[in-house]
Amino acid sequence: MLSEFLSPDRAGAARPLWLLAEASLEPWLAEQPPAVQAWVRQNGFRAERSRVLPLPSAAGGVSGAVVGLGPLLSLDQLTIWHAAGLPAKLGPGAYALAEPLPVHAATQFALGWQLGSYRYARYRSPAAVPSESAQLVAPQGADVAYAMLAAAACTHARDWINSPANDFGPAELADAAAQLALRFDAECQITVGDDLRAAGYPLVYEVGKASVRQPRLIDLRAGAANAPRVTIVGKGVCFDSGGLDLKPSAAMLLMKKDMGGAACALALAEMLLAGGASIRLRVLIPAVENAVGGRAFRPGDVLRSRKGCTVEIGNTDAEGRLILADALAAAEEDDPALLIDLATLTGAARVALGPELPAVYSQPESLAEQLRDVGQRECDPVWPMPLWAGYEDDLASKLADCNNVSSSTFAGSIIGALFLRKFVSPARNWLHVDLYGWNAKDRPGRPVGAEAQCVRALYQLIRHRYG
């Protein structure tokens with residue numbers, strides 16, 4: 001549940017919130033009463049980043065607070081993470097920024113406040129969940145509508161990724177897409193189980209057929225037929241055991257999040273639909289559970305894809321690229337102006353860039369550079385990686401048109417991207433994002449758990465290109 005901002009007419013009754021960089025602390029202190037100066041100095045407040053110091057009132061309560069921004073050189077550099085820790089650190093009560101921020105910084109502050117209010121409490125007893133939290137008067141000049149839109153979509157993605165696999169499988173993922181379609185009067189077709197073969201999604205069927213929870217292909221469409229076509233594909237592996245190439249138990253612990261690409265794809269779709277983007281939107285999500293059973297596909301199998309090319313299975317734990325291949329082939333049939341796929345595809349991307357920095361591949365290369373620039377401004381980062389053609393031969397097979405993995409242990413994220421490229425037209429504007437979808441450590445506004453990565457950056461990129 002998002003916390004609504006208080007209306008600006010409540011600012012006079014709210015406690016002031018001062019945002020202070022290290023360099024601005026002393027000039028600010030010089031303008032304060034001696035009691036405030038003494039309190040700040042006695043508490044050793046030096047405007048360190050994320051440090052919050054409540055200011056006492058004459059009656060013994062809280063009159064306001066100062067927030068450290070660290071070595072920030074300009075308020076134009078303020079990001080969502082400067083604000084995200086405040087709802088938890090400030091006690092219950094109404095707060096208002098003591099001084100206005102530049103417009104972009106004000107929007108970032110508003111969004112950070114909302115993202116920092118996130119809690120996943122579905123399985124917690126009511127007594128374990130704080131009932132009250134700090135409230136914020138809408139920052140002057142902020143695009144509050146955008147902040148609420150982005151926070152709502154990212155909250156949904158976080159909730160879906162955080163949900164354990166026993167309560168969020170392929171059927172529940174399909175239900176989430178259907179609810180989104182219903183909300184925005186969009187079309188949503190869901191193909192289930194054996195019907196996938198007749199509908200031309202053989203790889204989706206093969207990957208998901210071993211599970212008692214039937215695989216699905218989700219196909220959501222919205223927008224004017226003559227508008228620019230933007231298609232988003234999301235990897236929806238709702239749990240990944242590794243298949244017959246079974247993962248070790250430690251590697252399986254987080255595999256409820258292997259549908260993070262699908263969650264981010266639906267969150268991006270939500271933003272585009274709610275934001276009124278002038279596009280013909282299509283979302284394709286293959287939703288499966290990669291399970292172990294008598295019907296599981298095997299190492300050494302040769303499978304035919306929707307595109308018609310055959311794939312030798314070198315490893316059943318590289319299943320995400322298989323289901324994406326069918327979805328990308330289906331996306332190509334619509335000739336979209338922009339094709340995007342989002343996937344928790346490889347551990348190799350995390351080895352290269354860590355959990356916070358999704359790897360992005362594109363054709364042309366300038367697309368990834370544009371997304372990086374947008375992501376930097378929106379505090380939703382990505383890092384461009386090369387589609388290095390020299391590694392194409394690593395996907396060769398003696399039995400089939402290609403293998404789904406390389407025999408080499410090198411360049412795993414690039415190999416995954418090169419495999420997907422086989423199912424995308426060379427002339428297509430295409431972005432492939434290899435993301436983690438998870439916060440590996442606790443930080444203000446970023447608790448250990450699900451994270452919606454690339455959603456806001458992609459939204460801004462699409463709106464910039466197509467309106």
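Fair warning: this is a prediction, and the values are worked out from it, not measured in the lab.
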Is the terminal nitrogen or CZ of Arg446 (NZ for Lys, CZ for Arg) located under 6.0 angstrom from the six-membered ring centre of Trp81 and within 45° of that ring's axis? yes

Arg280: side-chain contact (heavy atoms from CB on, under 4.5 Å) partners, not counting sequence neighbours: Glu187, Arg221, Ala227, Arg229

Among Val204, Ile313, Thr316, the one residue meeting side-chain contact (heavy atoms from CB on, under 4.5 Å) with Leu322: Ile313

I'd like to know if the side chain of Asn290 reaches the main chain of Phe239, judged simply by a donor and an acceptor atom lying under 3.5 Å from each other, with no hydrogens or angles considered. no

Residues at least two apart in sequence or cross-chain that pass side-chain contact (heavy atoms from CB on, under 4.5 Å) with Pro71, listed by chain then number, are Glu22

Just jot down the side chain to side chain donor-acceptor pair (under 3.5 Å) partners of Asp326, sequence neighbours excluded, or say none. none

What one should report as the nearest heavy-atom pair of Ala222 and Ala186 is CB-CB, 3.6 Å

Side-chain contact, heavy-atom cut-off 4.5 Å: Leu461 with His464? no

Could you tell me whether Glu369 atom CD has more than 12 heavy atoms of other residues or ligands within 6.0 Å of it? yes

Are the side chains of Glu319 and Val237 in touch, meaning some heavy atoms are under 4.5 Å apart? yes

Can you name the residues that form a side chain to side chain donor-acceptor pair (under 3.5 Å) with Arg10, not counting sequence neighbours? none

Side chains of Leu86 and Val67 in contact at under 4.5 Å (non-hydrogen atoms): yes

Is the backbone of Gly61 close enough, under 3.5 Å, to the side chain of Ser57 for a donor and an acceptor to pair up by distance? yes

Between Arg158 and Leu115, is there a donor-acceptor pair closer than 3.5 Å when you use the side chain of the first and the backbone of the second? yes

Listed once per pair and sorted, the salt bridge (Lys or Arg N to Asp or Glu O under 4.0 Å) pairs that draw on residues 249-263, sequence neighbours left out: Lys235-Asp258

For the pair Asp143 (side chain) and Thr107 (backbone), establish whether a donor and an acceptor sit closer than 3.5 Å, ignoring hydrogens and angles. no

Result block: side-chain N/O donor-acceptor pairs under 3.5 angstrom for residues 134-141, not counting sequence neighbours:
none

Heavy-atom pair of closest approach, residues Asn429 and Ala337: ND2-O, 3.1 Å

May I ask you to test the Val405-Ile415 pair for a side-chain heavy-atom distance under 4.5 Å? no

Give me the atom names and distance for the closest heavy-atom approach of Asp240 to Met252. O-CG, 3.8 Å

How about Leu284 and Arg282: do any of their side-chain heavy atoms sit closer than 4.5 Å? yes

Contact between Val433 and Asp341 at the side-chain level, heavy atoms closer than 4.5 Å - yes or no? no

Which residues share a side chain to side chain donor-acceptor pair (under 3.5 Å) with Asn162, sequence neighbours left out: Tyr118

Those residues that, when tested against Phe419, pass ring pair (Phe, Tyr, Trp, His ring centres under 6.0 Å) (two or more places apart): Phe423

Side-chain H-bond candidate by donor/acceptor type, Tyr459 with Asp380, under 3.5 Å: no

Name all residues meeting the side-chain contact (heavy atoms from CB on, under 4.5 Å) criterion together with Cys238; count only those two or more places apart in sequence or in a different chain, and write none if there are none. Pro170, Leu173, Met259

Side chain of Gln453, backbone of Pro355: donor and acceptor closer than 3.5 Å? yes

Closest approach of Ile218 and Ala287, non-hydrogen atoms and distance? CD1-CB, 4.2 Å

Kindly confirm or rule out a cation-pi arrangement of Arg51 over Phe45, judged by NZ or CZ under 6.0 Å from the six-membered ring centre and within 45° of its axis? no

Sequence neighbours excluded, which residues qualify as side-chain contact (heavy atoms from CB on, under 4.5 Å) partners of Ser413? Thr346, Ala348, Ala349, Ala359, Tyr361, Asp434

Side chains of Leu203 and Ile323, heavy atoms from C-beta outward: is any pair under 4.5 Å? no

Contacts of type ring pair (Phe, Tyr, Trp, His ring centres under 6.0 Å), residue Trp18, not counting sequence neighbours: Trp28

Taking Glu172 for its side chain and Gly169 for its backbone only, find out whether a donor-acceptor pair lies under 3.5 Å. yes

Among side-chain atoms of Tyr95 and Arg15, is any donor-acceptor pair under 3.5 angstrom? yes

Any ion pair linking Asp167 and Arg122 (charged N to carboxylate O, less than 4.0 Å)? yes

The test is side chain to side chain donor-acceptor pair (under 3.5 Å); show your working for Asn439 and Glu451 and say whether it passes. CA-CA 6 Å; Asn439 291 315; Glu451 191 55 84; 2.9 Å; yes

Applied to residues 176-186, the salt bridge (Lys or Arg N to Asp or Glu O under 4.0 Å) test, sequence neighbours excluded, yields Arg183-Glu270

Gap separating the SG atom of Cys188 from the CD atom of Gln179, nearest 0.5 angstrom: 10.0 Å

Would you call Glu356 and Arg443 a salt bridge, using N to O less than 4.0 angstrom? yes

Count the heavy atoms of every other residue, nucleotide or ligand shown that sit under 6.0 Å from CD of Gln77, and state whether that count exceeds 12. yes

What I'd like to find out is whether the side chain of Ser163 reaches to under 4.5 Å of the side chain of Tyr120, using heavy atoms alone. yes

Nearest heavy-atom contact between Ser50 and Pro444 is OG-CG, 4.3 Å

